[in-house]
Number of protein chains: 2
Amino acid sequence: MTLPQHDQAARVLLQQSNGRITPARIGVLGILLAANAALSHQEIEQLALQQGYTFDRVTLYRALDWLVEQGMAHKISGADRTWRYNAQAGIPHQHAHFHCKQCEQVFCLENLQPAFLFALPPGYQLEQVDVTLQGRCPACTQQS
Amino acid sequence: MTLPQHDQAARVLLQQSNGRITPARIGVLGILLAANAALSHQEIEQLALQQGYTFDRVTLYRALDWLVEQGMAHKISGADRTWRYNAQAGIPHQHAHFHCKQCEQVFCLENLQPAFLFALPPGYQLEQVDVTLQGRCPACTQQS
DNA sequence: TATATTAATGCAATCTTGTTGCAAAAGAGA
DNA sequence: TCTCTTTTGCAACAAGATTGCATTAATATA
Ligand SMILES: [Mn+2]
Ligand SMILES: [Mn+2]
Ligand SMILES: [Zn+2]
Ligand SMILES: [Zn+2]
(Lines give C-alpha, C1' and ligand atoms only; values in the text may rest on other atoms or scores of the structure.)
(Ligands and ions follow the chains in the order given, each with its own letter.)
Protein backbone atom coordinates (compact mmCIF):
# COMPACT_ATOMS: atom_id res chain seq x y z
CA MET A 1 0.00 0.00 0.00
CA THR A 2 2.58 2.55 1.02
CA LEU A 3 5.37 2.42 -1.50
CA PRO A 4 8.78 4.09 -1.50
CA GLN A 5 7.72 6.69 -4.02
CA HIS A 6 5.28 8.09 -1.52
CA ASP A 7 8.12 8.68 0.85
CA GLN A 8 9.89 10.49 -1.98
CA ALA A 9 6.81 12.60 -2.62
CA ALA A 10 6.59 13.29 1.10
CA ARG A 11 10.20 14.40 1.14
CA VAL A 12 9.58 16.84 -1.69
CA LEU A 13 6.56 18.32 0.04
CA LEU A 14 8.46 18.68 3.28
CA GLN A 15 11.20 20.64 1.52
CA GLN A 16 8.65 23.35 0.91
CA SER A 17 8.07 23.88 4.61
CA ASN A 18 10.40 25.62 6.98
CA GLY A 19 10.44 22.72 9.41
CA ARG A 20 12.92 19.90 9.74
CA ILE A 21 12.72 16.86 7.57
CA THR A 22 12.62 13.94 9.95
CA PRO A 23 11.88 10.24 9.55
CA ALA A 24 8.64 10.66 11.47
CA ARG A 25 7.38 13.38 9.15
CA ILE A 26 8.48 11.57 6.03
CA GLY A 27 6.96 8.31 7.17
CA VAL A 28 3.67 9.77 8.31
CA LEU A 29 3.16 11.98 5.29
CA GLY A 30 4.15 9.10 3.02
CA ILE A 31 1.53 6.91 4.64
CA LEU A 32 -1.15 9.59 4.30
CA LEU A 33 -0.29 10.15 0.67
CA ALA A 34 -0.57 6.43 -0.08
CA ALA A 35 -3.94 6.02 1.66
CA ASN A 36 -7.25 6.30 -0.13
CA ALA A 37 -9.15 6.92 3.08
CA ALA A 38 -8.65 9.13 6.12
CA LEU A 39 -6.58 7.23 8.67
CA SER A 40 -6.81 7.08 12.42
CA HIS A 41 -3.81 7.45 14.65
CA GLN A 42 -3.85 3.71 15.31
CA GLU A 43 -3.97 2.82 11.64
CA ILE A 44 -1.07 5.11 10.91
CA GLU A 45 0.92 3.67 13.78
CA GLN A 46 0.38 0.15 12.50
CA LEU A 47 1.30 1.03 8.93
CA ALA A 48 4.39 2.81 10.14
CA LEU A 49 5.48 -0.27 12.07
CA GLN A 50 4.95 -2.44 8.99
CA GLN A 51 7.35 -0.19 7.14
CA GLY A 52 9.95 -0.34 9.82
CA TYR A 53 9.34 3.06 11.37
CA THR A 54 9.48 2.90 15.15
CA PHE A 55 8.66 6.39 16.42
CA ASP A 56 6.42 6.47 19.42
CA ARG A 57 2.83 7.48 19.91
CA VAL A 58 3.53 11.02 21.01
CA THR A 59 5.82 11.70 18.09
CA LEU A 60 3.09 10.49 15.80
CA TYR A 61 0.55 12.83 17.36
CA ARG A 62 2.97 15.71 17.06
CA ALA A 63 3.92 14.94 13.49
CA LEU A 64 0.26 14.81 12.54
CA ASP A 65 -0.53 18.07 14.31
CA TRP A 66 2.38 19.68 12.57
CA LEU A 67 1.30 18.45 9.16
CA VAL A 68 -2.15 19.89 9.77
CA GLU A 69 -0.68 23.22 10.87
CA GLN A 70 1.44 23.30 7.74
CA GLY A 71 -1.58 22.64 5.57
CA MET A 72 -0.22 19.35 4.27
CA ALA A 73 -2.97 17.35 5.91
CA HIS A 74 -6.37 17.86 7.41
CA LYS A 75 -8.12 16.10 10.23
CA ILE A 76 -11.68 14.99 10.65
CA SER A 77 -13.39 14.29 13.96
CA GLY A 78 -15.29 11.06 13.63
CA ALA A 79 -18.37 9.92 15.51
CA ASP A 80 -16.16 7.49 17.42
CA ARG A 81 -14.31 10.42 18.96
CA THR A 82 -11.03 9.78 17.21
CA TRP A 83 -9.28 11.99 14.74
CA ARG A 84 -8.67 10.81 11.22
CA TYR A 85 -6.09 12.33 8.93
CA ASN A 86 -5.82 12.78 5.21
CA ALA A 87 -3.11 14.33 3.08
CA GLN A 88 -4.59 17.13 1.11
CA ALA A 89 -3.16 17.89 -2.29
CA GLY A 90 -3.18 21.64 -1.94
CA ILE A 91 -6.94 21.70 -2.10
CA PRO A 92 -8.70 23.74 0.56
CA HIS A 93 -10.57 21.44 2.88
CA GLN A 94 -14.03 22.19 1.63
CA HIS A 95 -15.67 18.86 1.03
CA ALA A 96 -17.94 16.28 2.60
CA HIS A 97 -16.91 13.04 4.28
CA PHE A 98 -18.40 9.60 4.08
CA HIS A 99 -18.24 7.34 7.09
CA CYS A 100 -18.87 3.68 6.25
CA LYS A 101 -20.78 2.05 9.08
CA GLN A 102 -19.55 -1.41 8.10
CA CYS A 103 -15.81 -1.06 7.61
CA GLU A 104 -15.61 2.12 9.68
CA GLN A 105 -13.47 3.83 7.06
CA VAL A 106 -13.82 7.52 6.33
CA PHE A 107 -13.54 8.79 2.77
CA CYS A 108 -13.11 12.34 1.56
CA LEU A 109 -15.62 13.20 -1.13
CA GLU A 110 -13.77 15.91 -2.99
CA ASN A 111 -16.49 16.65 -5.47
CA LEU A 112 -19.61 16.64 -3.38
CA GLN A 113 -20.78 20.20 -2.94
CA PRO A 114 -23.71 20.57 -0.60
CA ALA A 115 -26.11 23.32 -1.47
CA PHE A 116 -28.12 24.64 1.40
CA LEU A 117 -31.49 26.18 1.38
CA PHE A 118 -30.26 28.81 3.72
CA ALA A 119 -32.96 29.35 6.21
CA LEU A 120 -30.26 29.91 8.81
CA PRO A 121 -31.92 31.76 11.67
CA PRO A 122 -31.02 35.44 11.96
CA GLY A 123 -27.95 36.36 13.98
CA TYR A 124 -25.87 33.32 13.15
CA GLN A 125 -22.60 34.07 11.43
CA LEU A 126 -21.56 31.12 9.30
CA GLU A 127 -17.90 30.29 8.80
CA GLN A 128 -17.70 26.62 7.98
CA VAL A 129 -19.91 23.74 6.97
CA ASP A 130 -19.13 20.17 7.96
CA VAL A 131 -21.05 17.45 6.21
CA THR A 132 -20.69 13.82 7.19
CA LEU A 133 -22.59 11.26 5.21
CA GLN A 134 -23.04 7.81 6.64
CA GLY A 135 -23.90 4.47 5.13
CA ARG A 136 -21.87 1.95 3.18
CA CYS A 137 -18.85 2.48 1.04
CA PRO A 138 -18.63 0.98 -2.46
CA ALA A 139 -16.54 -1.99 -1.33
CA CYS A 140 -18.88 -2.91 1.50
CA THR A 141 -21.97 -2.39 -0.66
CA GLN A 142 -20.64 -4.84 -3.23
CA GLN A 143 -19.80 -7.47 -0.64
CA SER A 144 -23.42 -7.95 0.38
CA MET B 1 -32.03 28.70 34.00
CA THR B 2 -33.52 25.41 35.06
CA LEU B 3 -36.75 26.11 36.86
CA PRO B 4 -39.01 23.84 38.88
CA GLN B 5 -41.61 23.67 36.15
CA HIS B 6 -39.15 21.88 33.94
CA ASP B 7 -38.83 19.18 36.52
CA GLN B 8 -42.60 18.94 36.48
CA ALA B 9 -42.59 18.65 32.70
CA ALA B 10 -39.87 16.03 32.97
CA ARG B 11 -41.94 14.07 35.44
CA VAL B 12 -44.91 14.07 33.08
CA LEU B 13 -42.78 12.86 30.18
CA LEU B 14 -41.25 10.14 32.30
CA GLN B 15 -44.72 8.83 33.24
CA GLN B 16 -45.16 7.92 29.59
CA SER B 17 -42.21 5.54 29.64
CA ASN B 18 -42.17 2.17 31.24
CA GLY B 19 -39.06 2.90 33.27
CA ARG B 20 -38.78 4.09 36.82
CA ILE B 21 -39.10 7.73 37.70
CA THR B 22 -35.97 8.56 39.63
CA PRO B 23 -34.38 11.83 40.78
CA ALA B 24 -31.56 11.38 38.28
CA ARG B 25 -33.93 11.06 35.35
CA ILE B 26 -36.15 13.89 36.50
CA GLY B 27 -33.18 16.17 37.11
CA VAL B 28 -31.39 15.40 33.86
CA LEU B 29 -34.46 15.63 31.68
CA GLY B 30 -35.48 18.82 33.46
CA ILE B 31 -32.10 20.33 32.72
CA LEU B 32 -32.27 19.32 29.07
CA LEU B 33 -35.77 20.74 28.74
CA ALA B 34 -34.66 24.05 30.23
CA ALA B 35 -31.60 24.39 28.00
CA ASN B 36 -31.67 26.24 24.71
CA ALA B 37 -28.53 24.48 23.51
CA ALA B 38 -27.27 20.92 23.42
CA LEU B 39 -25.39 20.22 26.65
CA SER B 40 -22.28 18.22 27.32
CA HIS B 41 -22.05 15.73 30.13
CA GLN B 42 -19.92 18.17 32.08
CA GLU B 43 -22.36 21.02 31.67
CA ILE B 44 -25.24 18.85 32.80
CA GLU B 45 -23.27 17.67 35.81
CA GLN B 46 -22.56 21.24 36.83
CA LEU B 47 -26.15 22.39 36.39
CA ALA B 48 -27.34 19.39 38.36
CA LEU B 49 -25.02 20.29 41.22
CA GLN B 50 -26.29 23.87 41.19
CA GLN B 51 -29.79 22.51 41.68
CA GLY B 52 -28.79 20.28 44.53
CA TYR B 53 -28.74 17.01 42.65
CA THR B 54 -25.79 14.88 43.67
CA PHE B 55 -25.89 11.77 41.52
CA ASP B 56 -22.54 10.63 40.26
CA ARG B 57 -20.93 10.66 36.88
CA VAL B 58 -21.90 7.13 35.91
CA THR B 59 -25.52 7.63 36.84
CA LEU B 60 -25.57 10.68 34.66
CA TYR B 61 -24.16 8.79 31.70
CA ARG B 62 -26.68 6.05 32.21
CA ALA B 63 -29.61 8.42 32.60
CA LEU B 64 -28.62 10.18 29.38
CA ASP B 65 -28.24 6.93 27.48
CA TRP B 66 -31.61 5.83 28.73
CA LEU B 67 -33.28 9.08 27.71
CA VAL B 68 -31.84 8.67 24.22
CA GLU B 69 -33.04 5.07 24.03
CA GLN B 70 -36.50 6.17 25.09
CA GLY B 71 -36.53 8.85 22.42
CA MET B 72 -36.79 11.68 24.92
CA ALA B 73 -33.41 13.08 23.98
CA HIS B 74 -30.92 12.87 21.18
CA LYS B 75 -27.17 13.11 21.21
CA ILE B 76 -24.77 14.83 18.85
CA SER B 77 -21.12 14.02 18.44
CA GLY B 78 -19.27 17.31 18.54
CA ALA B 79 -16.02 18.26 16.88
CA ASP B 80 -14.38 18.16 20.30
CA ARG B 81 -15.17 14.46 20.60
CA THR B 82 -17.73 14.83 23.33
CA TRP B 83 -21.39 13.99 23.19
CA ARG B 84 -23.95 16.71 23.62
CA TYR B 85 -27.54 16.08 24.55
CA ASN B 86 -30.78 17.82 23.74
CA ALA B 87 -34.34 17.04 24.75
CA GLN B 88 -36.34 16.57 21.63
CA ALA B 89 -40.00 17.47 21.65
CA GLY B 90 -41.19 14.46 19.71
CA ILE B 91 -39.53 15.74 16.57
CA PRO B 92 -37.50 13.22 14.60
CA HIS B 93 -33.83 14.16 14.81
CA GLN B 94 -33.43 15.30 11.24
CA HIS B 95 -31.84 18.70 11.42
CA ALA B 96 -28.54 20.51 11.28
CA HIS B 97 -26.48 21.74 14.21
CA PHE B 98 -24.60 24.93 14.76
CA HIS B 99 -21.39 24.89 16.75
CA CYS B 100 -20.33 28.35 17.97
CA LYS B 101 -16.56 28.62 17.87
CA GLN B 102 -16.56 31.36 20.50
CA CYS B 103 -18.80 30.11 23.30
CA GLU B 104 -18.50 26.47 22.20
CA GLN B 105 -22.22 25.96 22.48
CA VAL B 106 -24.11 23.70 20.10
CA PHE B 107 -27.56 24.65 18.90
CA CYS B 108 -30.12 22.52 17.12
CA LEU B 109 -31.43 24.20 13.99
CA GLU B 110 -34.83 22.56 13.76
CA ASN B 111 -35.84 24.25 10.57
CA LEU B 112 -32.70 24.10 8.50
CA GLN B 113 -33.12 21.48 5.82
CA PRO B 114 -30.02 20.96 3.74
CA ALA B 115 -30.59 20.14 0.12
CA PHE B 116 -27.81 18.33 -1.63
CA LEU B 117 -26.77 18.37 -5.18
CA PHE B 118 -26.27 14.67 -5.09
CA ALA B 119 -23.15 13.98 -7.01
CA LEU B 120 -22.42 11.15 -4.59
CA PRO B 121 -19.91 8.89 -6.32
CA PRO B 122 -21.29 5.59 -7.61
CA GLY B 123 -21.35 2.67 -5.20
CA TYR B 124 -21.99 4.60 -2.02
CA GLN B 125 -25.16 3.69 -0.17
CA LEU B 126 -26.40 6.65 1.84
CA GLU B 127 -28.19 6.16 5.15
CA GLN B 128 -27.72 9.32 7.16
CA VAL B 129 -26.57 12.90 6.72
CA ASP B 130 -24.99 14.89 9.52
CA VAL B 131 -24.56 18.59 8.98
CA THR B 132 -22.66 20.77 11.42
CA LEU B 133 -22.39 24.45 10.72
CA GLN B 134 -19.70 26.42 12.48
CA GLY B 135 -19.21 30.07 13.19
CA ARG B 136 -20.73 32.39 15.76
CA CYS B 137 -24.04 32.17 17.51
CA PRO B 138 -26.35 35.21 17.71
CA ALA B 139 -25.26 36.11 21.25
CA CYS B 140 -21.55 36.00 20.41
CA THR B 141 -22.06 37.87 17.15
CA GLN B 142 -23.76 40.69 18.95
CA GLN B 143 -21.07 40.96 21.60
CA SER B 144 -18.40 41.97 19.12
C1' DT C 1 34.00 18.44 7.89
C1' DA C 2 33.34 19.84 12.73
C1' DT C 3 30.60 22.68 15.87
C1' DA C 4 26.77 25.21 17.69
C1' DT C 5 22.01 26.12 17.80
C1' DT C 6 17.51 24.94 18.05
C1' DA C 7 13.77 21.96 16.82
C1' DA C 8 12.07 17.35 17.32
C1' DT C 9 11.90 13.10 19.91
C1' DG C 10 11.23 9.56 23.69
C1' DC C 11 9.49 8.50 27.89
C1' DA C 12 6.74 8.79 31.90
C1' DA C 13 3.12 10.91 33.85
C1' DT C 14 -1.30 12.94 33.40
C1' DC C 15 -5.88 14.20 31.63
C1' DT C 16 -10.44 13.53 29.57
C1' DT C 17 -14.19 11.02 28.08
C1' DG C 18 -16.58 7.17 28.58
C1' DT C 19 -17.42 2.10 30.19
C1' DT C 20 -17.93 -2.18 33.19
C1' DG C 21 -18.90 -5.24 37.29
C1' DC C 22 -21.01 -5.79 41.31
C1' DA C 23 -23.04 -5.00 45.78
C1' DA C 24 -26.29 -1.78 47.94
C1' DA C 25 -30.31 1.12 47.59
C1' DA C 26 -34.66 2.45 46.00
C1' DG C 27 -38.96 2.38 42.85
C1' DA C 28 -43.38 0.24 42.04
C1' DG C 29 -46.77 -3.26 42.18
C1' DA C 30 -49.04 -6.61 45.15
C1' DT D 1 -45.56 -3.52 54.28
C1' DC D 2 -43.29 -6.97 51.46
C1' DT D 3 -41.19 -8.51 47.30
C1' DC D 4 -39.19 -8.16 43.00
C1' DT D 5 -36.59 -5.66 39.83
C1' DT D 6 -34.45 -1.75 38.24
C1' DT D 7 -31.38 1.82 39.18
C1' DT D 8 -27.54 3.69 41.67
C1' DG D 9 -22.80 4.36 43.71
C1' DC D 10 -18.33 3.14 43.88
C1' DA D 11 -14.09 1.48 42.28
C1' DA D 12 -11.65 -0.06 38.60
C1' DC D 13 -10.69 0.14 33.88
C1' DA D 14 -9.95 1.67 29.03
C1' DA D 15 -8.84 4.39 24.97
C1' DG D 16 -7.57 8.60 22.95
C1' DA D 17 -4.97 12.43 23.52
C1' DT D 18 -1.79 15.85 25.94
C1' DT D 19 2.15 17.76 28.81
C1' DG D 20 6.90 18.41 30.88
C1' DC D 21 11.37 17.68 30.50
C1' DA D 22 15.76 15.68 29.51
C1' DT D 23 18.02 13.69 25.42
C1' DT D 24 18.83 13.45 20.57
C1' DA D 25 19.22 14.81 15.97
C1' DA D 26 18.63 18.19 11.94
C1' DT D 27 20.45 22.07 9.97
C1' DA D 28 23.07 26.40 9.62
C1' DT D 29 27.47 28.18 10.16
C1' DA D 30 32.32 28.29 10.70
MN1 LIG E 1 -11.44 15.40 4.03
MN1 LIG F 1 -30.19 18.26 17.43
ZN1 LIG G 1 -16.98 0.15 4.02
ZN1 LIG H 1 -21.58 31.65 20.88
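What's counted below: heavy atoms across the whole structure, side chains too, no hydrogens, waters or symmetry copies. The chains referred to below are lettered A, B, ... by the order of the sequence lines, with proteins before strands, and numbering in each begins at 1.
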### Message
Between C1' on D:dT6 and CG on B:D65, what's the gap in Å once rounded to a whole number?
### Response
16 Å
### Annotated protein contacts, base or backbone, on nucleotides 20-30 of chain D with a non-hydrogen cut-off under 4.0 Å, one of B, S, - each
B----BBS---
### Task
With sequence neighbours left out, write down each residue that passes side chain to side chain donor-acceptor pair (under 3.5 Å) with B:D65, or none if nothing qualifies.
none
### Query
How would you label the contact of B:A63 with the nucleic acid (heavy atoms, under 4.0 Å): base, sugar-phosphate, or nothing?
nothing
### Query
What pairs with A:E69 under side chain to side chain donor-acceptor pair (under 3.5 Å), at least two apart in sequence or on another chain?
none
Indicate every side-chain donor-acceptor pair of residues 121-136 of chain B with a distance under 3.5 Å to a residue at least two apart or in another chain.
| residue | atom | partner | partner atom | Å |
| --- | --- | --- | --- | --- |
| B:Q128 | OE1 | A:K101 | NZ | 3.2 |
| B:Q128 | NE2 | B:D130 | OD1 | 3.1 |
| B:D130 | OD2 | A:Q134 | NE2 | 3.2 |
| B:Q134 | NE2 | A:D130 | OD2 | 2.9 |
| B:R136 | NE | B:Q102 | OE1 | 3.2 |
| B:R136 | NH1 | B:S144 | OG | 2.6 |
| B:R136 | NH2 | B:Q102 | OE1 | 3.3 |

### Message
Can you pull out every salt bridge (Lys or Arg N to Asp or Glu O under 4.0 Å) where at least one residue sits in residues 49-58 of chain B? Sequence neighbours excluded, please.
### Response
none
### Task
Write down the distance between CG (B:N18) and C1' (C:dA28), rounded to a whole number of angstrom.
13 Å
### Task
Any salt bridge (Lys or Arg N to Asp or Glu O under 4.0 Å) involving residues 11-25 of chain A? Give me the pairs, sequence neighbours left out, ordered by first then second residue.
none
### Query
Sequence neighbours excluded, which residues qualify as side-chain contact (heavy atoms from CB on, under 4.5 Å) partners of B:R62?
B:V58
### Message
The side chain of A:W66 is closest to which nucleotide in this list: D:dA17, C:dT19, C:dA8?
### Response
C:dA8
### Message
Among residues 98-106 of chain B, which ones have heavy-atom contacts with DNA chain C below 4.0 Å?
### Response
none
#### Entry: Net bend of the helix from C:dT1-D:dA30 to C:dA30-D:dT1, end axes of five pairs each, nearest 10 degrees
30°
### Query
Given atom CD of B:E69 and atom P of D:dT7, what is their separation to the nearest angstrom?
10 Å
### Task
Write down the distance between CG (A:L14) and P (C:dA7), rounded to a whole number of angstrom.
17 Å
### Message
Can you tell me if A:Y61 touches the phosphate of D:dA17, counting only side-chain N or O atoms and a distance under 4.0 Å to OP1 or OP2?
### Response
yes
### Query
Looking at residues at least two apart in the chain, or sitting in another chain, which of them share a side chain to side chain donor-acceptor pair (under 3.5 Å) with A:E43?
A:S40
### Query
Which whole-number value in Å describes the distance from A:Y85 OH to D:dG16 P?
12 Å
### Query
Taking all non-hydrogen atoms of both residues, which atom of B:M72 and which atom of B:S17 are closest, and how far apart?
CE-CB, 3.6 Å
### Task
May I have the distance from B:L64 (atom CG) to D:dT8 (atom P), rounded to whole angstrom?
11 Å
### Message
Suppose we call two aromatic rings close when their centres sit under 6.0 Å apart. Are A:H41 and A:Y61 close by that rule?
### Response
yes
### Query
When you measure from the side chain of A:A24, which nucleotide among D:dA17, C:dT9, C:dG18 comes out closest?
C:dT9
### Query
Would one find a side-chain N or O of B:T82 under 4.0 angstrom from OP1 or OP2 of C:dT17?
no
### Those residues that, when tested against B:T82, pass side chain to side chain donor-acceptor pair (under 3.5 Å) (two or more places apart)
B:D80
### Message
Which is more 5' along DNA chain D, the nucleotide nearest B:R81 or the one nearest B:L60? Just name the residue.
### Response
B:L60
### Task
Write down the distance between CG (A:D80) and C1' (C:dT17), rounded to a whole number of angstrom.
13 Å
### Task
Classify the nucleic acid contact of B:R57 as base, sugar-phosphate or nothing, counting any heavy atom under 4.0 Å across all strands shown.
base
### Query
Quick one: is A:Q42 getting a side-chain N or O under 4.0 Å of the D:dG16 phosphate, OP1 or OP2?
yes
### Task
For the pair A:H74 and A:H95, name the ring-plane relationship: parallel under 30°, tilted 30 to 60°, perpendicular over 60°.
perpendicular
### Query
Nearest-Å distance, CZ (A:R84) to P (D:dA17)?
10 Å
### Message
Check the phosphate of C:dG18 against B:W83, side-chain N and O only, distance under 4.0 Å to OP1 or OP2. Yes or no?
### Response
yes
### Message
Holding to side-chain contact (heavy atoms from CB on, under 4.5 Å), I want the full list of residues that pass it with A:A9, two or more places apart in sequence or in another chain.
### Response
A:L33
